[in-house]
Amino acid sequence: MRKALFILIVLFSVFLAIGCTGTEQQPNTTTATEPNTTTTSQPDTSKLIVSTTTSLEDTGLLEEIEAAFEDKYTGVDVRVISGGTGIAIQYGERGDADILLTHDKSREEEFVNNGLGTNRTEIAYNYFWIVGPEDDPAGISGLNATESFSKIMEEGQNNSGQVKFASRGDDSGTHAREKKIWESTGISYGEVNSSGEWYIESGRGMGETLLLSNEQDAYTLTDSGTFLAYTNDGRIQIVPLVTTGDELLNVYAAMPVNPEKHSNVNYEGAQNFVDFLVSPEGQGIIRNYGREQYGQPLFTPISEGFPS
């Protein structure tokens with residue numbers, strides 16, 4: 001009898017323990033799933049993050065535009081992140097910027113077509129230039145861009161001690177245009193990139209690549225604005241050698257990041273920035289920037305149209 005009673009007490013204790021354990025586990029399961037259904041992000045309209053290229057940043061144009069925009073839209077703090085176009089677009093893809101200012105049309109159109117940006121608005125243009133040593137050891141003066149690249153590669157492979165080319169090698173808009181010109185020669189960029197010591201990759205922005213080219217007496221592809229900014233204060237002595245042709249047209253565009261992809265972006269501020277850039281005031285700043293300091297404007301506003 002006592003043995004039977006002991007067994008009943010043990011069984012009752014086991015059932016009670018199981019019941020208590022079950023009721024304790026249930027709330028933990030519910031709590032773990034709640035954050036996934038309640039997290040939201042709201043835009044901070046007091047700041048506007050602009051992701052842009054080093055060429056726009058190095059020239060100083062954005063500082064002037066930023067000041068004028070903040071005067072018009074009081075209470076908005078414009079913050080600029082600069083890097084190559086590839087890096088600038090990555091910021092937009094992640095929702096870490098509100099608007100992009102870049103110069104690589106194919107990637108810009110892809111960004112918008114993929115729904116990551118709401119529109120692409122051209123704001124200004126200048127030209128890419130092929131610059132290099134004043135004595136022009138490869139003899140490219142008077143050639144077009146494609147012919148120049150072919151000649152630089154030929155002479156560089158034959159005499160890498162005298163002829164070099166410095167590439168940004170950073171997935172920027174300038175680097176993308178460089179690769180496009182190399183491919184127009186009929187030689188793949190992979191072949192160029194591995195063809196000898198004459199070809200140098202800096203992995204840096206435009207200003208630093210110009211300094212490297214100057215140090216190495218190398219040719220390079222640069223936007224005209226950054227080149228003029230760096231020659232004006234005597235930092236480089238290399239000179240423009242090829243400056244015209246459709247292959248060298250360099251167009252800048254603005255793209256707000258799509259708020260349907262990233263709810264945290266300040267889309268209203270981004271669209272205001274686009275409107276300001278193409279307004280008479282914004283286009284006037286672009287038209288006149290550099291005249292006094294460099295003796296010529298560094299950019300042409302898109303309102304003036306492209307050269308015929």
Exercise. What distance separates Phe128 CZ from Leu221 CG, expressed to the nearest 0.5 Å?
Worked result: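 If we round to the nearest 0.5 Å, Phe128:CZ and Leu221:CG are 6.0 Å apart.
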For this session: Report the distance from atom OG of Ser263 to atom CG of Asn258, rounding to the nearest 0.5 Å.
Result: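 One gets 11.0 Å once the value is rounded to the nearest 0.5 Å.
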Problem set entry | Within 45° cone and under 6.0 Å: Arg291 NZ/CZ vs Tyr294 ring |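 Negative - Arg291 is either too far from the ring of Tyr294 or too far off its axis.
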Exercise. Cationic tip of Arg235 within the cone over Tyr230's six-membered ring, i.e. under 6.0 Å and within 45° of the normal?
Worked result: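 Arg235 over Tyr230 ring: yes.
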In this structure, are over 12 heavy atoms from other groups packed under 6.0 Å from [X] atom [atom1]?
{"X": "Lys261", "atom1": "NZ", "answer": "no"}
{"X": "Asp135", "atom1": "CG", "answer": "yes"}
{"X": "Glu183", "atom1": "CD", "answer": "yes"}
{"X": "Glu281", "atom1": "CD", "answer": "yes"}
{"X": "Glu260", "atom1": "CD", "answer": "no"}
{"X": "Gln237", "atom1": "CD", "answer": "yes"}
{"X": "Glu268", "atom1": "CD", "answer": "no"}

For this session: Let me see the working for Ser184 and Thr146 under side-chain hydrogen bond (donor to acceptor under 3.5 Å, both in side chains), right down to the final yes or no.
Result: CA-CA 6 Å; Ser184 73; Thr146 300; 2.8 Å; yes
Donor-acceptor pair, distance only, cut-off 3.5 Å: does the side chain of [X] make one with the backbone of [Y]?
{"X": "Thr220", "Y": "Ala166", "value": "yes"}
{"X": "Asn114", "Y": "Glu110", "value": "yes"}
{"X": "Ser160", "Y": "Gln157", "value": "no"}
{"X": "Asp98", "Y": "Asn266", "value": "yes"}
{"X": "Tyr289", "Y": "Thr59", "value": "yes"}
{"X": "Gln283", "Y": "Ile302", "value": "yes"}
{"X": "Asn288", "Y": "Gly284", "value": "yes"}
{"X": "Asp170", "Y": "Ser172", "value": "yes"}
{"X": "Asn214", "Y": "Leu210", "value": "no"}
{"X": "Arg177", "Y": "His103", "value": "no"}

Do the charged groups of [X] and [Y] touch, with an N to O distance under 4.0 Å?
{"X": "Glu304", "Y": "Arg287", "value": "yes"}
{"X": "Asp171", "Y": "Arg107", "value": "yes"}
{"X": "Arg120", "Y": "Glu122", "value": "yes"}

Can you find a pair of side-chain heavy atoms, one from [X] and one from [Y], that are under 4.5 Å apart?
{"X": "Ser188", "Y": "Trp182", "answer": "no"}
{"X": "Ile87", "Y": "Ile89", "answer": "no"}
{"X": "Phe227", "Y": "Asp58", "answer": "no"}
{"X": "Met153", "Y": "Ser195", "answer": "yes"}
{"X": "Met206", "Y": "Asp223", "answer": "yes"}
{"X": "His175", "Y": "Ser167", "answer": "yes"}
{"X": "Val242", "Y": "Asn144", "answer": "no"}
{"X": "Leu101", "Y": "Val50", "answer": "yes"}

Quick check on the hydrophobic clustering: are [X] and [Y] connected, directly or via other members, by side-chain heavy-atom contacts under 4.5 Å?
{"X": "Val80", "Y": "Val265", "result": "no"}
{"X": "Phe273", "Y": "Val278", "result": "yes"}
{"X": "Ile152", "Y": "Trp129", "result": "yes"}
{"X": "Phe299", "Y": "Val274", "result": "yes"}
{"X": "Ile123", "Y": "Met255", "result": "no"}

Exercise. Could you walk me through whether Ser202 and Thr209 pass the side-chain hydrogen bond (donor to acceptor under 3.5 Å, both in side chains) check?
Worked result: CA-CA 6 Å; Ser202 74; Thr209 302; 2.7 Å; yes
Testing the basics here: between [X] and [Y], what is the closest heavy-atom pair and its distance to 0.1 Å?
{"X": "Asp136", "Y": "Ser141", "result": "OD2-N, 3.0 Å"}
{"X": "Val76", "Y": "Phe69", "result": "CG1-CE2, 4.1 Å"}
{"X": "Ser224", "Y": "Leu298", "result": "OG-O, 4.3 Å"}
{"X": "Ala145", "Y": "Ile181", "result": "O-CG2, 3.8 Å"}
{"X": "Phe276", "Y": "Ile285", "result": "CZ-CD1, 4.2 Å"}
{"X": "Ala88", "Y": "Thr102", "result": "CB-CG2, 3.8 Å"}

Can you check whether [X] and [Y] have ring centres sitting under 6.0 Å from each other?
{"X": "Tyr125", "Y": "Tyr252", "answer": "no"}
{"X": "Tyr267", "Y": "His262", "answer": "no"}
{"X": "Phe149", "Y": "Phe165", "answer": "yes"}

For this session: Go through the steps for Ser55 and Thr53 under the test side-chain hydrogen bond (donor to acceptor under 3.5 Å, both in side chains), then give the verdict.
Result: CA-CA 5 Å; Ser55 55; Thr53 69; 2.9 Å; yes
For this session: Begin with the C-alpha distance, continue with both residues' side-chain angles, and end with the deciding distance and a verdict on side-chain hydrogen bond (donor to acceptor under 3.5 Å, both in side chains) for Ser106 and Asp104.
Result: CA-CA 6 Å; Ser106 62; Asp104 187 344; 3.2 Å; yes
